[in-house]
Amino acid sequence: MLNIVLFGPPGCGKGTQSELIIKKYNLVHFSTGDILRGEIKAQSDLGKEAKSYMDKGALVPDSVVIGMIGKKIDENLGAKGLILDGFPRTTAQAEALDTIMKQKGIAVSGMLALEVEKEELVKRLLLRGKESGRADDQDVSIIENRIKVYDNETAPVKNFYSAQGKFVSIKGMGTIDEIFGRISSAIDSLK
Ligand code: B4P
């Protein structure tokens, strides 16, 4: 299986590029953010818990998010591969993913990390907030908190994959098509 971790700060283009990748490479999309927003919409217990963290720009606890991944992998073991969009976001999540994948005889093929300047991230997210009404994209202080949480808790996950020789840095500035071209070249060299 071709299992790709698509990584980067909030607003770097993970969701946007995932849509293009799944079409071109016929992979299954797994976005923890989308799943959590679905739970919030359904007003489930999980959604209520997740909302209290997401509204502040904090990460949802590892135990909640890790619990969601095993089932998704089991459901898609026959697929060509997975795009993990927004997961793992902590080293504990990366370790759990490794353990679960080893049990199933599969592995992460590579981590593609989109690098984008902070001002551009804030600009993109505020624009999305205006267009979509997404609660965590409306307020500069919440967006800045998400970027801070990324720097402190999520960026170290790069070291985890770097130590396994699986880390690939991708310039995430430019048009969506330009960035997709860089991502496609990186994926082709993983295959
Ligand atoms: P996510 O849903 O993962 O959202 P995100 O990181 O904010 O956005 P993404 O990166 O996908 O958006 P994109 O740039 O594509 O997470 C939301 C929250 O859920 C987290 O803060 C956290 O609380 C929780 N969560 C999720 N996963 C978790 C986990 N594993 N553990 C714990 N908590 C978790 O899009 C941004 C905007 O930029 C769009 O409007 C897009 O159109 C635009 N854009 C994209 N590319 C562009 C380009 N090249 N030029 C101009 N605009 C561009």
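Both ligands and their constituent atoms are indexed starting at 1 by order of listing.
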* **Spacing of Gln17 atom CD and Ile22 atom CD1 [to the nearest 0.5 Å]** => 12.0 Å

* Asked: Does some non-hydrogen atom of Arg134 fall short of 4.0 Å from ligand 1?
  -> yes

* To do: Look at atom 20 (C) of ligand 1 and say which protein heavy atom is nearest, naming residue and atom and giving the distance to 0.1 Å.
  => Arg89 NH2, 3.8 Å

* Structure fact -> Those residues at least two apart in sequence (or on a different chain) that pass ring-ring contact (aromatic ring centres under 6.0 Å, His included) with Phe7 are Tyr150

* Structure fact -> Any heavy atom of Arg146 under 4.0 Å from ligand 1? The part involved is side chain

* To do: Would you mind listing which atoms of ligand 1 come within a distance below 4.0 Å of any non-hydrogen atom of Ile179?
  => 49 (N)

* For atom 43 (C) of ligand 1, find the nearest protein heavy atom and state the residue, atom name and distance (0.1 Å precision). => Arg124 CD, 4.1 Å

* Examine the proximity of ligand 1 to Asp62 and report which part, side chain or backbone, both or neither, has a heavy atom under 4.0 Å away. => neither

* Could you say whether the N/O atoms of Val65 and ligand 1 ever approach to under 3.5 Å? => no

* Nearest non-hydrogen protein atom, atom 25 (N) of ligand 1 -> Leu36 CD1, 3.7 Å

* To do: Using distance alone, with no hydrogens and no angle criterion, decide if Asp177 and Thr175 have a side-chain donor and acceptor under 3.5 Å apart.
  => no

* Asked: Heavy-atom contacts under 4.0 Å between Gln17 and ligand 1: side chain, backbone, both, or neither?
  -> neither

* Structure fact -> Sequence neighbours excluded, the answer for side chain to side chain contact (heavy atoms under 4.5 Å, CB included) partners of Ser63 is Pro61

* To do: May I ask you to identify the nearest protein heavy atom to atom 45 (C) of ligand 1, giving residue, atom name and distance to one decimal place in Å?
  => Thr16 OG1, 3.3 Å

* Mind checking whether Val149 contacts ligand 1 via backbone (N, CA, C, O), side chain (CB onward), both or neither, at a 4.0 Å heavy-atom cut-off? => neither

* **Per-atom contacts, ligand 1 versus Gly86 - under 4.0 Å to a heavy atom** => 27 (N), 28 (C), 29 (C), 30 (N)

* Pair Thr90, Glu153: side-chain N/O donor-acceptor within cut-off below 3.5 Å -> no

* Asked: Taking the non-hydrogen atoms of Gly8, is any one of them nearer than 4.0 angstrom to ligand 1?
  -> no

* To do: May I ask you to check whether Gly13 has an N/O atom sitting below 3.5 Å from an N/O atom of ligand 1?
  => yes

* OG1 on Thr32 to CE on Met68, rounded to 0.5 Å -> 5.5 Å

* Hey, what do you get for OG (Ser18) to CD1 (Ile183), rounding to the nearest 0.5 Å? -> 8.0 Å

* Gly15 heavy atoms, cut-off 4.0 Å: which ligand 1 atoms fall inside? -> 9 (P), 11 (O), 15 (O)

* To do: State which residue, out of Asn3, Asn76, Ile4, Leu82, fulfils the side-chain contact (heavy atoms from CB on, under 4.5 Å) condition with Leu27.
  => Ile4

* Of the backbone atoms (N, CA, C, O) and the side-chain heavy atoms from C-beta on, which set of Glu19 has a member under 4.0 Å from an atom of ligand 1: side chain, backbone, both, or neither? -> neither

* Short list, please: which atoms of ligand 1 are under 4.0 Å from a heavy atom of Phe87? -> 30 (N)

* Asked: Got the closest protein heavy atom to atom 40 (O) of ligand 1, with its distance?
  -> Arg128 CB, 3.3 Å

* Asked: Which protein non-hydrogen atom lies closest to atom 10 (O) of ligand 1, naming both residue and atom, and how far is it?
  -> Lys14 NZ, 3.1 Å

* To do: Report yes or no: does a heavy atom of Arg37 sit under 4.0 Å from some atom of ligand 1?
  => yes

* Look at ligand 1 and say whether Cys12 reaches it with a heavy atom at a distance under 4.0 Å. => yes

* **Any N/O pair Thr32/ligand 1 closer than 3.5 Å** => yes

* Asked: Which distance, rounded to the nearest 0.5 Å, do you find between the CZ of Arg128 and the CG of Asp136?
  -> 7.0 Å

* Indicate yes or no: at least one non-hydrogen side-chain atom of Leu84 is less than 4.5 angstrom from one of Met111. => no

* Are any of the heavy atoms in Gly174 under 4.0 Å away from ligand 1? -> yes

* To do: Compare every heavy atom of Ile170 with every heavy atom of Ala186, then report the nearest pair and how far apart it is.
  => CB-CD1, 3.7 Å

* **ligand 1 contact on Ser18 by region, counting heavy-atom pairs under 4.0 Å** => neither

* To do: Could you check atom 22 (C) of ligand 1 against the protein and tell me its nearest heavy-atom contact, residue, atom and distance included?
  => Ala58 O, 3.7 Å

* Less than 4.5 Å apart, any side-chain heavy atom of Leu112 and any of Arg182? -> no

* Kindly give the heavy-atom pair with the smallest separation between Asn145 and Lys56, and that separation in Å. => ND2-O, 2.9 Å

* May I ask you to say whether Arg124 pairs ionically with Asp137, meaning some side-chain N is under 4.0 Å from a carboxylate O? => no

* Distance from atom 31 (N) of ligand 1 to nearest protein heavy atom, with residue and atom -> Gln93 NE2, 2.9 Å

* To do: May I ask whether Tyr53 has any heavy atom positioned less than 4.0 angstrom from an atom of ligand 1?
  => no

* Asked: Which value, rounded to the nearest 0.5 Å, describes the distance between Phe87 atom CZ and Lys72 atom NZ?
  -> 12.5 Å

* To do: State, with a plain yes or no, whether a side-chain heavy atom of Thr91 is found less than 4.5 Å away from one of Glu95.
  => yes

